[in-house]
Protein chains: 2
Amino acid sequence: MEDGDHKDLMTIRQMCDAFDVTPRTLRFYEAKELLFPLREGQKRLFTRRDRGRLKLILRGKRFGFSLEEMRQLLDLYDRGDAQEEQLKRTYEVARERLAQMERQRDELNEAIEELKGQLEWGAEMIASFRRPAAE
Amino acid sequence: MEDGDHKDLMTIRQMCDAFDVTPRTLRFYEAKELLFPLREGQKRLFTRRDRGRLKLILRGKRFGFSLEEMRQLLDLYDRGDAQEEQLKRTYEVARERLAQMERQRDELNEAIEELKGQLEWGAEMIASFRRPAAE
DNA sequence: ACCACGCTTGACGTTAACGTAAGGGTGAAC
DNA sequence: GTTCACCCTTACGTTAACGTCAAGCGTGGT
């Protein structure tokens with residue numbers, strides 16, 4: 001315990017192991033102002049807040065949010081003055097995103113159905129090879 | 001009708017209007033060897049075959065196939081020797097793609113459900129602002 | 001003294017599918 | 001004869017989210 005205090009601070013590697021991301025990713029997120037690690041000399045030390053944000057970022061990615069969108073949302077979320085207006089905007093953005101995702105899912109389903117149709121056709125073609133010219 | 005024969009040949013603009021794509025797109029597809037328009041002087045003239053291929057390409061895009069994947073599929077389809085083997089390979093590729101799409105759809109659905117949950121939470125938060133400190 | 005390790009910054013590379021601008025030709029219409 | 005309206009080629013630009021070096025600093029251990 002000869003290092004000063006670490007209370008809740010994590011090195012870049014600990015973060016990588018904890019969240020399954022590369023160092024490059026964390027540095028990239030810092031450059032994009034999504035994370036704000038402290039410095040001990042030149043080394044980054046990630047705070048509990050950073051971990052919270054990163055968790056939200058990664059979740060957002062699963063939702064299909066871009067990093068830029070996440071930055072904006074976090075900035076709102078972050079103003080501390082989680083005033084009704086801010087919260088409502090965040091809510092609206094999320095709802096729009098949800099609508100997008102549902103549209104995307106529906107399109108995907110259409111494409112799936114269409115492709116299934118094609119596959120049946122292909123299967124028939126293949127089958128017709130098995131009984132050549134046998135009508 | 002003073003131009004020679006056009007039987008089934010279309011200029012780039014006619015193609016663009018017919019398929020709702022830009023000239024750049026058609027030239028790009030030619031460069032990628034997805035289309036093979038004839039030339040009259042320097043001008044491109046798209047054949048019926050090109051139209052058939054383009055139709056398949058655009059459909060493939062809706063399915064989420066990359067241009068490279070479509071090129072490979074078209075090349076197989078194209079060998080004329082639509083032998084069983086070739087057809088089966090095309091079929092397999094399409095089936096794999098279908099599986100991918102279904103996985104993608106399922107993930108999307110998960111994300112949608114999760115996001116819906118978050119939204120409910122957000123809605124409660126917003127509601128709590130409307131009745132401040134009124135427990 | 002010296003090595004290995006981990007961390008740092010900086011900067012170019014990657015991928016897909018085109019967009020966009022620059023520079024130039026051709027034929028028809030006015 | 002010149003202005004349109006299209007067509008062409010060449011080639012650099014775009015976007016996202018990092019990957020991949022390269023080169024250097026600091027330090028704990030032998």
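A distance of 11.0 Å separates CZ in A:Arg97 from CG in A:Leu73, rounded to the nearest 0.5 Å.
For the pair A:Leu54 CG and D:dC18 P, the interatomic distance rounds to 11 Å; values are reported in whole Å. Rounding to whole angstrom units, CG of residue B:Leu9 and P of D:dC7 are separated by 15 Å. Remark: C1' of C:dG6 and CG of A:Asp17 are 13 Å apart, rounded to the nearest angstrom. Between A:Leu45 atom CG and C:dT8 atom C1' the separation is 13 Å, expressed in whole Å. One atom, CD of A:Glu30, and another, P of D:dC18, lie 15 Å apart when rounded to the nearest Å. As a whole-Å value, the separation of B:Glu40 CD from C:dT26 P is 14 Å. B:Lys43 has its NZ atom 15 Å from the P atom of D:dA5, to the nearest Å. At whole-Å resolution of the value, CG in A:Leu58 and C1' in D:dC18 are 13 Å apart.
Applying the 4.0 Å criterion to OP1 and OP2 of D:dC7, one finds that B:Arg13 has a side-chain N or O inside that range. Between B:Arg44 and the phosphate of D:dC8, there is a side-chain N or O to OP1/OP2 separation shorter than 4.0 Å. The shortest distance between the side-chain N/O atoms of A:Arg39 and the OP1/OP2 oxygens of C:dT9 is below 4.0 Å.
Remark: the backbone N or O of A:Asp8 is paired with a side-chain donor or acceptor of A:Arg51 at under 3.5 angstrom.
Listed by chain and residue number, A:Arg71 satisfy the salt bridge (Lys or Arg N to Asp or Glu O under 4.0 Å) test with A:Glu68 (two or more places apart in sequence, or in another chain).
Counting non-hydrogen atoms under 4.0 angstrom, B:Arg27 reaches a base of the nucleic acid.
Using a 4.5 Å cut-off on side-chain heavy atoms (C-beta onward), A:Val21 and A:Met15 make no contact.
Under the side chain to side chain donor-acceptor pair (under 3.5 Å) criterion, the residue pairs touching residues 9-24 of chain A are A:Thr22-A:Thr25, with sequence neighbours excluded.
When A:Leu54, A:Leu26, A:Ile57, A:Leu56 are each tested for a side chain to side chain contact (heavy atoms under 4.5 Å, CB included) with A:Leu34, only one passes: A:Ile57.
The environment of CZ in B:Arg48 is sparse: at most 12 heavy-atom neighbours from other residues, nucleotides or ligands sit within 6.0 Å.
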For nucleotides 16-23 of chain C, tabulate all protein N/O to nucleotide N/O atom pairs closer than 3.5 Å, reporting atom names and distance.
| unit_1 | atom_1 | unit_2 | atom_2 | d |
| --- | --- | --- | --- | --- |
| C:dA17 | OP1 | B:Leu67 | N | 3.4 |
| C:dC18 | OP2 | B:Tyr29 | OH | 2.7 |
| C:dC18 | OP2 | B:Lys61 | NZ | 2.9 |
| C:dG19 | OP2 | B:Thr22 | OG1 | 2.9 |
| C:dG19 | N7 | B:Arg24 | NE | 3.1 |
| C:dG19 | O6 | B:Arg24 | NH2 | 3.1 |
| C:dT20 | O4 | B:Arg24 | NE | 3.1 |

